[in-house]
Amino acid sequence: MFQFFRRKNPLFRAGIEPHCAYCIHASPLDDTQMTCRKRGVVPCGSACRSFRYDPLRRVPPKPAVLRGSFTDADFSLEDN
């Protein structure tokens with residue numbers, strides 16, 4: 001059953017590109033480096049064979065900003 005859940009949820013997909021920034025074994029040292037339990041001090045963008053994905057470490061992209069001036073009538077479904 002857990003395998004079925006993992007296939008449908010994009011956070012748990014198998015094809016995630018490995019980066020130390022969201023690995024279980026790594027901890028942030030500063031903006032560009034991580035400390036890994038397996039490898040020591042490594043850059044955030046690197047990865048090794050011991051990579052294990054932790055979905056809670058992923059930082060989601062910032063939401064889009066609406067540009068321009070809109071009123072409530074612009075988002076209404078009723079024709080006026």
Side-chain angles (χ1 to χ4, degrees):
M1 183 170 138
F2 186 68
Q3 292 296 328
F4 178 74
F5 173 72
R6 291 185 74 181
R7 288 184 192 140
K8 294 196 109 178
N9 193 337
L11 287 176
F12 297 101
R13 66 180 184 256
I16 193 83
E17 189 174 332
H19 288 286
C20 288
Y22 39 87
C23 177
I24 288 175
H25 302 295
S27 301
L29 189 58
D30 59 20
D31 290 341
T32 60
Q33 294 183 334
M34 308 286 286
T35 55
C36 179
R37 285 187 245 151
K38 304 287 183 175
R39 303 288 235 172
V41 178
V42 294
C44 290
S46 67
C48 65
R49 290 185 292 169
S50 299
F51 174 78
R52 296 290 175 256
Y53 178 59
D54 184 7
L56 298 178
R57 292 184 185 234
R58 290 284 304 256
V59 178
K62 292 183 180 181
V65 177
L66 291 177
R67 295 184 181 157
S69 58
F70 298 101
T71 63
D72 289 338
D74 293 332
F75 297 100
S76 174
L77 296 176
E78 298 176 7
D79 291 333
N80 290 331

For Leu56, which fellow cluster members are found when Ile, Leu, Val, Met, Phe, Trp and Tyr are connected by side-chain heavy-atom distances below 4.5 angstrom, either directly or through intermediates?
none
Taking side chain to side chain contact (heavy atoms under 4.5 Å, CB included) as the test, write out the residues that go with [X], two or more places apart.
X: Asp30; result: Thr32, Gln33
X: Cys36; result: His25, Lys38, Arg39, Val42
X: Pro43; result: Ser46
X: Thr35; result: Ser27, Leu29, Val41

Please report the closest heavy-atom contact between Cys23 and Ser50, naming both atoms and the distance.
SG-O, 4.4 Å
Which pairs count as ring-ring contact (aromatic ring centres under 6.0 Å, His included) when at least one residue sits in residues 26-50, sequence neighbours excluded?
none
Can any side-chain N or O of Arg57 pair as donor or acceptor with the backbone N or O of Cys20 at less than 3.5 Å?
no
Parallel, tilted or perpendicular, judged at 30° and 60°: which one describes the rings of His19 and Tyr22?
perpendicular
